[in-house]
Protein chains: 2
Amino acid sequence: MDKNDLLPIGELARRTGLAVSAIRFYEDKGLIQAMRTMGNQRRFLRSDIRRLSFILIAQKLGLGLSEIEAELATLPQGRTPTLSDWQKLSRSVRVALDAKIQLLTRTRAKLDECIGCGCLSLQRCQLYNRDDRAGAGGGTGPRYVLD
Amino acid sequence: MDKNDLLPIGELARRTGLAVSAIRFYEDKGLIQAMRTMGNQRRFLRSDIRRLSFILIAQKLGLGLSEIEAELATLPQGRTPTLSDWQKLSRSVRVALDAKIQLLTRTRAKLDECIGCGCLSLQRCQLYNRDDRAGAGGGTGPRYVLD
DNA sequence: GCTTGACCTCAAGTTAGCTTGAGGTTGCAT
DNA sequence: ATGCAACCTCAAGCTAACTTGAGGTCAAGC
């Protein structure tokens with residue numbers, strides 16, 4: 001009931017739906033850690049399923065891996081995260097999500113104004129207000145837009 | 001009052017806030033077209049300012065260049081787009097935006113359920129429903145998530 | 001004991017959306 | 001007519017988030 005709790009990478013992949021290569025990639029990036037067998041094979045904790053699941057959800061919400069790493073870093077080290085630890089994380093993500101929705105909603109309102117005036121013009125249209133130009137979309141976008 | 005209306009690339013860059021290299025890149029991708037002087041320099045129409053502005057806005061809303069290209073393709077060819085042409089486009093983008101907001105909002109609702117149950121578990125949590133896993137975030141994300 | 005599938009590392013390739021650099025030409029002002 | 005900023009092309013580089021491939025090892029069943 002001890003070694004039984006250690007999963008090889010393929011198992012973890014099966015359980016989470018991630019590709020084996022993706023999990024190795026995440027380990028490389030420090031998002032997840034693994035023990036090694038004598039034969040140098042990775043063995044993961046059961047709780048890593050949840051960790052990876054969290055990564056998937058957070059990505060789905062548009063967070064980048066580095067942001068996710070930051071979130072995960074708030075989990076307690078040394079011990080397996082409890083349910084309430086995860087709830088805390090979820091709430092933190094919820095906040096980020098709220099912000100994203102708000103931003104999109106505000107942008108939509110401006111777009112509506114723009115449809116009204118039909119301008120799409122740099123000088124007049126609110127959508128071009130520099131101050132407001134940060135991180136609106138979820139995507140990568142050109143530097144300029146994300147400045 | 002004719003040649004006067006043709007802008008060199010630097011002008012266009014200044015007016016839109018885009019980098020010259022970005023504009024050339026967009027031309028390469030077919031998002032915008034230019035005439036050439038005898039000396040092989042690009043000359044753009046005034047209406048291209050608006051075209052580029054549209055690209056910026058659409059990107060801000062999380063659309064990819066290929067999606068934007070598709071939108072732009074609905075503009076009339078041969079003549080300079082009218083105000084009402086642009087309004088039509090704006091409305092089309094508004095629809096996409098609505099969808100994006102809805103998706104995020106639904107996801108938020110599920111996240112709330114998840115906070116409630118605290119599971120984050122592949123078997124039980126709605127967030128993991130495969131059928132629902134398509135294109136939620138704005139970002140690129142792993143293939144798997146966007147399938 | 002040997003085959004087979006899961007595992008290992010490390011390097012290079014992929015897509016998106018650009019930027020940077022090298023090396024060369026144009027065009028406007030003086 | 002000359003200087004210099006702005007323009008040109010083409011190739012390579014960059015970040016994110018992975019995948020693919022080459023070449024090799026481990027472990028479990030027959």
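Quick note on labels: first sequence line is chain A, next is B, and so on, each numbered from 1. Predicted model only: the values in this text are computed from it and were never measured.
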Work out which heavy atom in Tyr26(B) is nearest to a heavy atom in Gln59(B); give both atom names and the distance.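 In terms of heavy atoms, the two residues are closest at OH-OE1, 3.7 Å.
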Nearest whole angstrom, please: distance from the [atom2] of [N] to the [atom1] of [X].
X	N	atom1	atom2	result
Arg36(A)	dC7(C)	CZ	P	12 Å
Ile9(A)	dT9(C)	CD1	C1'	12 Å
Ile55(B)	dA16(C)	CD1	P	16 Å
Gln41(A)	dC8(C)	CD	P	6 Å
Glu27(A)	dC10(C)	CD	C1'	14 Å
Leu63(B)	dG17(C)	CG	C1'	14 Å
Glu67(A)	dA17(D)	CD	P	9 Å
Asn40(A)	dA6(C)	CG	C1'	14 Å

Side-chain N or O of Arg24(B) less than 4.0 angstrom from OP1 or OP2 on dT9(D)?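 So the side chain of Arg24(B) is outside the cut-off, no N or O lying under 4.0 Å from OP1 or OP2 of dT9(D).
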Taking [X] first and then [Y], would you say they form a salt bridge - that is, a charged N and a carboxylate O separated by under 4.0 Å?
X	Y	value
Arg14(A)	Glu11(A)	yes
Asp48(B)	Arg15(B)	no
Glu69(B)	Lys29(B)	no

What nucleic acid atoms does Arg42(A) come within less than 4.0 Å of, heavy atoms only: base, sugar-phosphate, or nothing? sugar-phosphate
Output the single nucleotide from dT19(C), dA17(D), dC7(C) whose closest atom is nearest the side chain of Ala22(B).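 My answer, after comparing the listed nucleotides, is dT19(C).
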Taking the nucleotide of DNA chain D with the closest heavy atom to each, which residue, Thr37(A) or Gly64(A), is nearer the 5' end?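 It is Gly64(A), whose closest nucleotide lies nearer the 5' terminus.
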Could you say whether Ser21(B) or Arg43(A) is positioned toward the 5' end of DNA chain C, judged by the nucleotide with the nearest heavy atom to each?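 Checking each residue's closest nucleotide, the 5'-ward one belongs to Arg43(A).
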Between Phe25(B) and Glu11(A), which is nearer to the 5' end of DNA chain C once each is assigned its nearest nucleotide? Glu11(A)
Is any side-chain heavy atom of Arg43(A) less than 4.5 Å from a side-chain heavy atom of Arg36(A)? no
